[in-house]
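Read the structure below first, then the notes.
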Amino acid sequence: MDNSVGRPAGTAVAGVKFCEESNEPIGCKHYQRLCGLICPLGSCGVAYVCRLCHDEDLTDHSLDRHKVSTVICLKCKTHQPATLGECSRCPTRFASYFCEICRFYDNQDKQQFHCSDCGICRVGGRENYFHCDKCGICISKSMRERHRCIDSVSRNDCAVCMEDLHSSTTALVQNHCGHMIHALCFKSMLSHGKFACPLCNKSMVDMGSFWEELDRATASTPMPAEVVESVRILCNDCNRFDNVEFHIFGLKCPHCGSYNTTKES
């Protein structure tokens, strides 16, 4: 253990955010907490309020909060074991929520809970989630009967932003195909007219009403006889091949009615 544990120290903590009225420390831009984490990597040892602050500043390595052994009280600057939820020297409670396993502190009530199967803390209330052993992640109970299992689906990077999914601090969306991406990435794709999963090309949402609009559009706009031709398509939604009549508005799958198709060369 660090021989400075238990004694006041002058170590500065990076990323501290202060209350505008009292000028007292309240945490950082990511979390409200009253302690800083000392990076366990021997060649680093720098103190930050949270791992996100650390990783934003120091890009050559990441702070593994599970391995943090020492924290610093933001009030009295005392170094102490990370297994404590409150300061050993002054009457400061580091956070209303404290997980000793994750070394996670948070003063904002987000209905946090620790999932031993995920290996990290989640938000949203334990009673509202179940852990899917095949997917390897906690999923809303409202999706228990509807979600599609894919082995370790969360143990990948988001196919849109390439950021980690499993330990993400932002919400995730599971598409109809079962693949996951960040909710913000999902909304961004839809806002730009991209409705197909970036991993498998299947429709991410129910496109039924849009396909009906295309049905009406193609029916009211017949193609000139000189450009009518039969083309071979692959439907990305039902994975079936077929030959259909070409239309500039789209190539409809005769099996499932989807226009999410690809013309075969």
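This structure is a prediction, so every number in the text was calculated from the model and none was measured.
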Distance col, row Q80:CD vs R89:CZ, nearest 0.5 angstrom, shows 10.0 Å

D237: which of T261, N201, N260 passes side chain to side chain donor-acceptor pair (under 3.5 Å): N260

Ring centres of H147 and F130 under 6.0 Å apart? yes

Using side chain to side chain contact (heavy atoms under 4.5 Å, CB included), reason through L41 and K67 one step at a time and then give a plain yes or no. CA-CA 9 Å; L41 189 66; K67 294 181 179 179; over 6 Å; no

Heavy-atom side-chain contact between [X] and [Y] under 4.5 Å:
X: I101; Y: H114; value: yes
X: T170; Y: E163; value: no
X: K252; Y: L214; value: no

Option among F113, Y31, F98 that satisfies the ring-ring contact (aromatic ring centres under 6.0 Å, His included) test with F104: Y31

Between the side chains of S168 and H182, is a donor N or O closer than 3.5 angstrom to an acceptor N or O? yes

In terms of side-chain heavy atoms, does S230 have a donor or acceptor partner in N243 at a distance below 3.5 Å? no

Quick one: side-chain hydrogen bond (donor to acceptor under 3.5 Å, both in side chains) partners of Y259, sequence neighbours excluded? D215

Holding to salt bridge (charged side-chain N to carboxylate O under 4.0 Å, His left out), I want the full list of residues that pass it with E86, two or more places apart in sequence or in another chain. none

